[in-house]
There are 2 protein chains.
Amino acid sequence: MNATTDALKETRDEFVAQWGAMGSQWGINRTMAQIHALLMTVPEPLDTDAVMEELEISRGNAHTNLKELVAWGLVRIVVRKGERRDFFEAEKDVWKIFTTVARERKRREIDPALGVLRKCAEASAGIDTPEGRAFHEQMKQLEEFVAFASTMADRVAGMKHGFALQMAAKVFGG
Amino acid sequence: MNATTDALKETRDEFVAQWGAMGSQWGINRTMAQIHALLMTVPEPLDTDAVMEELEISRGNAHTNLKELVAWGLVRIVVRKGERRDFFEAEKDVWKIFTTVARERKRREIDPALGVLRKCAEASAGIDTPEGRAFHEQMKQLEEFVAFASTMADRVAGMKHGFALQMAAKVFGG
DNA sequence: CCGAATTTTCAGTAATATCTGAAAACCATG
DNA sequence: CATGGTTTTCAGATATTACTGAAAATTCGG
């Protein structure tokens with residue numbers, strides 16, 4: 001354990017901690033974000049015990065959050081011949097991470113919102129009072145916009161990284 | 001209080017409740033999202049007591065979250081001549097809501113993340129081991145991507161709605 | 001400057017989300 | 001089919017976040 005290794009450890013800890021804090025400011029739980037940060041910055045897959053040790057968390061916690069990361073598609077289980085336990089490896093390509101998160105958040109957040117808006121727009125269609133008309137109008141506006149956002153999310157998530165950059169340059173002149 | 005008015009009340013309550021649930025799945029607190037939903041779907045500005053009554057929450061809670069919404073730029077205080085107390089009115093234009101939220105989230109989430117990544121990339125620049133190189137490389141990749149996202153967010157948030165639609169149509173053929 | 005209306009703050013409480021640790025289930029191997 | 005390694009589950013403990021209610025501060029008309 002020399003000075004160079006210590007410096008790396010320290011910087012990684014900093015990154016893991018900050019990434020965890022960011023995550024929890026989002027709807028993502030701290031530990032999940034921390035595990036993701038850790039796995040992203042490590043050259044080899046880790047097993048559950050390594051994650052537990054590095055982050056000083058319990059087995060149950062490590063297990064739950066690793067499973068959740070796998071469910072999100074951000075982490076893969078890798079099996080090593082001769083080894084009985086699972087190892088975990090994070091997707092490291094930033095564009096893939098982005099599209100995965102975009103797809104997942106769309107599914108979990110945008111699509112349900114759209115459902116609510118459609119239902120409320122429909123339920124308020126016939127209410128012929130100033131309040132009713134205002135409400136219905138607002139629901140329609142929101143529904144239209146969220147549907148648009150949904151489509152955009154799909155399209156962007158389906159792009160290849162190079163294409164996205166090209167498009168951005170073309171549209172924005174950057 | 002006739003049947004039509006009841007139906008509206010019920011549908012609005014549904015919307016408020018669901019929007020609150022969505023918000024809390026994000027990093028936004030339930031009450032703040034509910035107040036926003038309420039104010040968006042009401043034709044006239046409301047005072048604090050009206051919000052308290054409608055959502056059955058305490059004065060302190062109403063106050064805190066109204067202030068927070070004002071800080072986000074999603075709600076305005078309106079003063080009525082002859083009235084001493086404040087009334088609150090939500091921005092109703094969906095595109096303006098979107099750009100406001102985009103700007104605010106960029107400021108609160110993307111920009112700090114960029115700071116962390118820059119710091120970690122720099123701190124790891126000279127660590128010449130396989131682990132160190134992998135870490136540094138990942139930090140650089142993330143930094144580059146987040147910087148790109150930051151620029152995109154600014155550009156999109158600066159667009160007019162019509163222009164955004166036009167652009168989307170052009171790029172995606174929708 | 002007084003008093004009423006209103007806003008703001010915040011200590012204490014309540015609600016929610018997360019984590020632990022240990023037991024149970026699982027599973028490959030001899 | 002018994003054993004030991006490993007994963008999975010989950011009830012209870014802990015930590016975090018949000019809310020209440022009441023007191024304090026502010027504002028304004030007179």
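Numbered from 1 within each chain, the chains take letters A, B, ... in sequence-line order. Keep in mind that the numbers below use all heavy atoms, side chains included, and drop hydrogens, waters and symmetry copies.
- Screening residues 17-43 of chain B for ring-ring contact (aromatic ring centres under 6.0 Å, His included), with sequence neighbours left out, gives B:Phe15-B:Trp19.
- In this structure, B:Ile57 atom CD1 and D:dT20 atom P are separated by 7 Å, rounded to whole Å.
- Not counting sequence neighbours, the partners of B:Trp95 by the ring-ring contact (aromatic ring centres under 6.0 Å, His included) test are B:Phe98, B:His161.
- Listed by chain and number, the residues in a salt bridge (Lys or Arg N to Asp or Glu O under 4.0 Å) with B:Lys67 amount to none (sequence neighbours excluded).
- Taking only side-chain nitrogens and oxygens, B:Asn65 never comes nearer than 4.0 Å to OP1 or OP2 of D:dA18.
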For each nucleotide in nucleotides 5-14 of chain C, reading 5' to 3', give B when a protein heavy atom comes within less than 4.0 Å of its base, S when such contact involves only the sugar-phosphate, and - otherwise. BSBBB-----
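- Taking atom CG of B:Leu55 as the reference point, atom C1' of D:dA18 lies 15 Å away to the nearest angstrom.
- Put simply, CG on B:Leu66 is 12 Å from P on D:dC19, counting in whole angstrom units.
- Every pair passing side chain to side chain donor-acceptor pair (under 3.5 Å) that includes a residue from residues 120-130 of chain B is listed here, sequence neighbours excluded: B:Ser124-B:His136, B:Asp128-B:Arg133.
- Against DNA chain C, the stretch residues 26-34 of chain A makes heavy-atom approaches under 4.0 Å through A:Asn29, A:Thr31.
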Report, one line per pair, each donor and acceptor closer than 3.5 Å where one atom sits in a side chain of residues 50-57 of chain A; sequence neighbours left out.
none

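- When hydrophobic residues (I, L, V, M, F, W, Y) are linked wherever their side-chain heavy atoms come within less than 4.5 Å, the members clustered with B:Val78 are B:Phe87.
- Not counting sequence neighbours, the partners of A:Glu14 by the salt bridge (Lys or Arg N to Asp or Glu O under 4.0 Å) test are B:Lys119.
- Note that the CZ atom of B:Arg105 and the CH2 atom of B:Trp72 stand 5.5 Å from one another [nearest 0.5 Å].
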